[in-house]
Amino acid sequence: MRTQVAIVGAGPAGLVLSHLLARAGIDSVVLESRSREYVEKRVRAGVLEQGTVDLLTQTGVGERLRQEGLIHHGIELRFEGRPYRIDLTELTGGRSITVYGQQEVVKDLIRARLDAGGQIRFEAEALGFAELDSDRPRVRYLQAGQEQELTCDWVAGCDGFWGASRQAIPDGALRVYEKEYPFAWLGILAAVAPSSDELIYTYHERGFALHSLRSPEISRMYLQCRPDEPLDEWPDERIWHELRTRFATDDGFVLEDGPILEKSVTSMRSFVVEPMQYGRLFLAGDAAHIVPPTGAKGMNLAIADVRVLAEALIAWYQAGRTDLLDRYSATCLRRVWRAEHFSWWMTSMLHRFPDDDGAFQQRLQLSQLRYVTTSRAAAASLAENYVGLETV
């Protein structure tokens with residue numbers, strides 16, 4: 001089988017790329033190792049930057065997003081028992097964020113691609129790649145027990161941190177930058193109306209906590225915990241008690257509780273590979289970079305990558321240009337490193353670190369939090385990074 005662009009992975013990056021290419025008349029085949037049901041139910045990120053919302057809306061896949069997405073004009077930083085609001089919209093000249101689950105974005109994109117006759121091959125596991133440095137690269141994959149091959153002009157590796165795409169690049173061709181954090185997030189999805197209209201980021205002596213949401217009826221919350229935290233040590237009662245303790249304020253904030261639908265522990269790391277391309281293989285999203293979730297950047301960065309890649313591929317097919325493809329990695333990495341820094345900064349400011357300088361670091365964290373919540377310039381810097389930079 002042959003196509004113009006082979007896309008490995010049917011997450012937001014791969015699906016947005018296929019969608020953008022199709023709008024320009026460029027064929028693609030998306031290979032996804034999981035079933036459609038699995039990828040449409042996989043709960044991941046839920047905060048969309050302004051630029052992500054604009055792109056989805058302008059390209060015709062934002063109707064349900066506009067109807068069901070929850071626009072937020074601010075976030076709250078909470079420490080020393082007091083809430084401090086960061087007015088995102090006022091500080092950024094009208095920009096905001098929208099809460100809309102990644103699985104909902106995926107559903108919308110899959111429906112749009114299939115309705116348009118696009119090819120998404122579910123339960124098709126990429127096994128290997130060949131001739132990536134030629135003009136006819138190939139992807140071998142396994143589907144329904146049979147090994148098949150897809151020949152193409154270009155390959156987009158959008159299959160995540162553990163996917164096959166990055167592993168196909170020869171040793172020594174990539175440089176890896178990585179940081180592991182000494183804590184994780186215990187996350188829950190609960191069938192209870194959110195106790196706040198906006199996200200709450202809490203710094204507490206017992207550790208970080210985040211109050212988020214997925215809909216007017218579903219809350220999403222996180223607690224800082226150990227990376228090896230056993231879930232069976234966290235019955236529902238303990239989780240709600242710890243959340244109430246960390247979110248408590250002097251003015252008597254009430255955290256409503258309800259049935260917990262899901263529990264999980266998410267490790268924290270920062271990870272970047274350079275360059276994000278090898279021959280005719282381009283890496284995008286988690287295949288090339290990971291950010292700690294504190295900055296709400298993961299899905300947004302993935303979509304920003306493929307926006308750049310789509311523009312470069314369209315220029316090649318329509319005008320024979322290679323300059324944008326040659327600069328793909330450098331162009332993406334400017335935004336990647338900005339997002340890496342912002343996510344590291346938010347993580348470092350809000351979490352308790354188990355190290356010898358604990359008391360010293362805690363004083364620095366509180367000083368930074370007081371500065372961000374009292375200085376318009378500092379608050380504006382947080383706000384413009386959080387809603388997404390228009391240019392980097």
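Residue numbers start at 1 and run along the sequence shown.
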Report the C-alpha separation of E205 and R352 in whole Å, then their side-chain angles, then the decisive distance to 0.1 Å, and conclude whether the salt bridge (Lys or Arg N to Asp or Glu O under 4.0 Å) test is met.
CA-CA 7 Å; E205 63 183 9; R352 296 298 292 263; 5.5 Å; no
Salt bridge (Lys or Arg N to Asp or Glu O under 4.0 Å) between R166 and D159, worked out:
CA-CA 9 Å; R166 192 179 69 251; D159 50 348; over 6 Å; no
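Checked against a 6.0 Å centroid threshold, the rings of F271 and F161 count as neighbours. Between F342 and W337, the ring centre distance reaches or exceeds 6.0 Å. Taking the six-membered ring for Trp and the full ring otherwise, the centers of F79 and Y84 sit less than 6.0 Å from each other. A ring-centre distance under 6.0 Å is found for F183 and F353.
Within a 6.0 Å radius of CD in Q67, other residues, nucleotides and ligands contribute more than 12 heavy atoms.
Between R78 and E76 there is a salt bridge, since a side-chain N of the basic residue sits under 4.0 Å from a carboxylate O of the acidic one. A salt bridge links E198 with R85; the closest basic N to acidic carboxylate O contact falls under 4.0 Å. With salt bridges taken as basic N to acidic carboxylate O contacts below 4.0 Å, none links E274 and R175. Using a 4.0 Å cut-off between a side-chain N of Lys or Arg and a carboxylate O of Asp or Glu, E40 and K107 do not qualify as a salt bridge. Between D87 and R376 there is no salt bridge, since no side-chain N of the basic residue sits under 4.0 Å from a carboxylate O of the acidic one. Salt bridge annotation for E49-K297: present, with a cationic side-chain nitrogen under 4.0 angstrom from a carboxylate oxygen. For E80 and R370, the salt-bridge test passes: some basic side-chain N is under 4.0 Å from an acidic carboxylate O. Comment: R246 engages E242 in a salt bridge, judged by a side-chain N to carboxylate O separation of less than 4.0 angstrom.
At a threshold of 4.5 Å between non-hydrogen side-chain atoms, the residues E125 and Y141 do not count as touching. At a threshold of 4.5 Å between non-hydrogen side-chain atoms, the residues E32 and R121 do not count as touching. Within the 4.5 Å cutoff, no side-chain heavy atoms of T3 are placed close to those of D153. With contacts defined as side-chain heavy-atom distances shorter than 4.5 Å, the pair L210/I200 does not qualify. The shortest side-chain heavy-atom distance between V53 and L65 falls under the 4.5 Å cut-off. Counting heavy atoms from C-beta on, the side chains of I188 and D236 never come closer than 4.5 Å. Looking only at side-chain heavy atoms (C-beta outward), I75 and L88 come within less than 4.5 Å of each other.
For S343 against P292, the heavy-atom pair with the smallest separation is CB-O, 3.7 Å. Across every non-hydrogen atom of L91 and A383, the tightest pair is CB-CB, 3.9 Å. A pairwise comparison of heavy atoms in A378 and Y371 identifies CB-CE2, 3.5 Å as the closest pair. Taking every heavy atom of both residues into account, V291 and G298 meet most closely at CG2-N, 3.7 Å.
Note that K41 lies outside the cation-pi zone of Y38, set by a 6.0 Å cut-off to the ring centre and a 45° limit from the axis.
Between the side chain of D257 and the main chain of I239, no donor-acceptor pair closer than 3.5 Å is present. Judged by distance alone, with hydrogens and angles left aside, the side-chain atoms of H289 form no donor-acceptor pair with the main-chain N or O of A302 at under 3.5 Å. Formation of a donor-acceptor pair under 3.5 Å by the T57 side chain with backbone atoms of D54 is not found in this model. In terms of modelled atom types and a separation under 3.5 Å, the side chain of R238 and the main chain of E233 share a donor-acceptor contact. No donor-acceptor distance shorter than 3.5 angstrom exists from the side chain of Q4 to the backbone of C152, with no hydrogens or angles considered.
Of the inter-residue distances, the one linking I7 atom CD1 with L17 atom CG reads 4.0 Å to the nearest 0.5 angstrom.
In this structure, W185 and H351 have parallel ring planes: the angle between them is below the 30° cut-off, well short of the 60° mark. Under the 30°/60° scheme for interplanar angles, the aromatic rings of Y201 and F208 are found to be tilted.
Residue E131 forms a salt bridge (charged side-chain N to carboxylate O under 4.0 Å, His left out) with just one option from R136, R280, R138, R140, and that option is R138.
S96 and T89 share no donor-acceptor pair across their side chains, judged by distance under 3.5 Å alone. Side-chain contact, Y317 with D27: no donor N or O sits under 3.5 Å from an acceptor N or O. Between the side chains of Y386 and T92, not a single donor N or O lies within less than 3.5 Å of an accepting N or O.
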